[in-house]
Amino acid sequence: MNKFGKLAVSAIALASAVASNTVFADTLDDVIARDKLIVGVKNDYPPYGYLNDAGETVGFEVELAKYVASELLGSPDKIELVPVVAANRIQFLEAGRVDVIFATLGVTDQRDEVIDFTVHYVNAAGPSVLMPKAATVDNWEQLKGQSICGIQGSYYNKKMTEEFGINLVNFKNQPDAYRALKDNRCIGFVFDDMTLQKKLEEADWSDYKIAVTPYEYLPMAGGLREDDAAFAEAVNKAIVKAEGEGKLIEWETVFGMPHSEYIAERAKAAAAQN
């Protein structure tokens, strides 16, 4: 290809990039025009997003998403919930398949390089390890060289393998990981503590325990495409309003979550602003 051809291709690529960025930079206009907010949520992750007995997607972050839809469009029903998992939620956002992610997204420097975050609304316990009650393991160092089930895309996977020396057996979703644990394909399951605690409330998991407790707490937030200022402002305003009205505290109760001092303090601060 001669230099003129290369210049033409470069110009087309640049124009496409600009056009794409323009589309994504106008998310708020797009949401208002279509009269629907499209949100990536978990449907296998109680209490934040899961399927209830009626097959409906419910949960703490689902309620938050509906509240945002109500603030932006006047009704919590003007929403489309798109199931995502840790391995694809950011890709769905970047590809424009969803407008925003409310899907147990921990705030990390690595993720901050590719997306923007909403205001932080939860300070969640990090990973713990679910094991049979007979297990004698009680700290992370004892897991070195052991086969532990995990989930693809979890922010702590690198730490598990590189720092703790765990042989991580990753799955795409929780049901497969839980099944592998019960089938003895791994000696434990490393996952977010809140969800594992909820799993222990189920009768068929009475022979299991949290053997290794979290080593950290991590803020959680919604995920937004970068440089989407108007949409970010609108979403953040809605979240802060929900905090000030005590909605997040209410949802903690509804979904059986222990009440968090972090959420309570944010509620006070938000109420003072309003």
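This one's a predicted model, so the numbers in the text were calculated from it and none came from an experiment. Positions are given from 1 along the sequence.
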Requested in this report: Using the side-chain contact (heavy atoms from CB on, under 4.5 Å) rule, pick out the option among V107, N236, I101 that qualifies with T118.
Outcome: N236
Under the salt bridge (Lys or Arg N to Asp or Glu O under 4.0 Å) test, which residues partner [X], sequence neighbours left out?
X: K158; answer: none
X: E71; answer: K241
X: K144; answer: none
X: E163; answer: K159

Pairs involving [range], ordered by first then second residue, that meet disulfide (SG to SG under 2.5 Å) (sequence neighbours left out):
range: residues 195-259; answer: none
range: residues 231-274; answer: none
range: residues 185-274; answer: C149-C186

Only distances under 3.5 Å count here; give the side-chain donor-acceptor pairs of residues 63-70 to other protein atoms, sequence neighbours excluded, each with its distance to 0.1 Å.
| unit_1 | atom_1 | unit_2 | atom_2 | d |
| --- | --- | --- | --- | --- |
| Y67 | OH | E245 | OE1 | 2.8 |
| Y67 | OH | E245 | OE2 | 3.3 |

Donor-acceptor pairs are to be reported for all side-chain atoms of residues 51-62 against protein atoms at under 3.5 Å, with residues two or more places apart or in another chain.
| unit_1 | atom_1 | unit_2 | atom_2 | d |
| --- | --- | --- | --- | --- |
| N52 | OD1 | A54 | N | 3.0 |
| N52 | OD1 | G55 | N | 3.1 |
| N52 | OD1 | E56 | N | 2.8 |
| N52 | ND2 | E56 | OE1 | 2.8 |
| E61 | OE1 | T104 | N | 2.7 |
| E61 | OE2 | T104 | N | 3.4 |
| E61 | OE2 | Y121 | OH | 2.5 |

Query raised in the report: So, do F191 and Y45 have ring centers that fall under 6.0 Å from each other?
Result: yes
Query raised in the report: Sequence neighbours excluded, which residues qualify as ring-ring contact (aromatic ring centres under 6.0 Å, His included) partners of W251?
Result: none
Query raised in the report: Who pairs with Y156 by ring-ring contact (aromatic ring centres under 6.0 Å, His included), at least two apart in sequence or on another chain?
Result: none
Query - Polar side chain donor-acceptor pair, N139 to Q142, under 3.5 angstrom - result: yes
If you count heavy atoms of other groups shown closer than 6.0 angstrom to [atom1] of [X], is the number above 12?
X: E250; atom1: CD; result: yes
X: Y217; atom1: OH; result: no
X: E141; atom1: CD; result: yes

Report task. Please determine if D99 and R34 form a salt bridge, counting it only when a charged side-chain N lies under 4.0 Å from a carboxylate O. Result -> yes
Report summary line: side-chain hydrogen bond (donor to acceptor under 3.5 Å, both in side chains) pairs touching residues 202-214, sequence neighbours excluded, are K199-E202
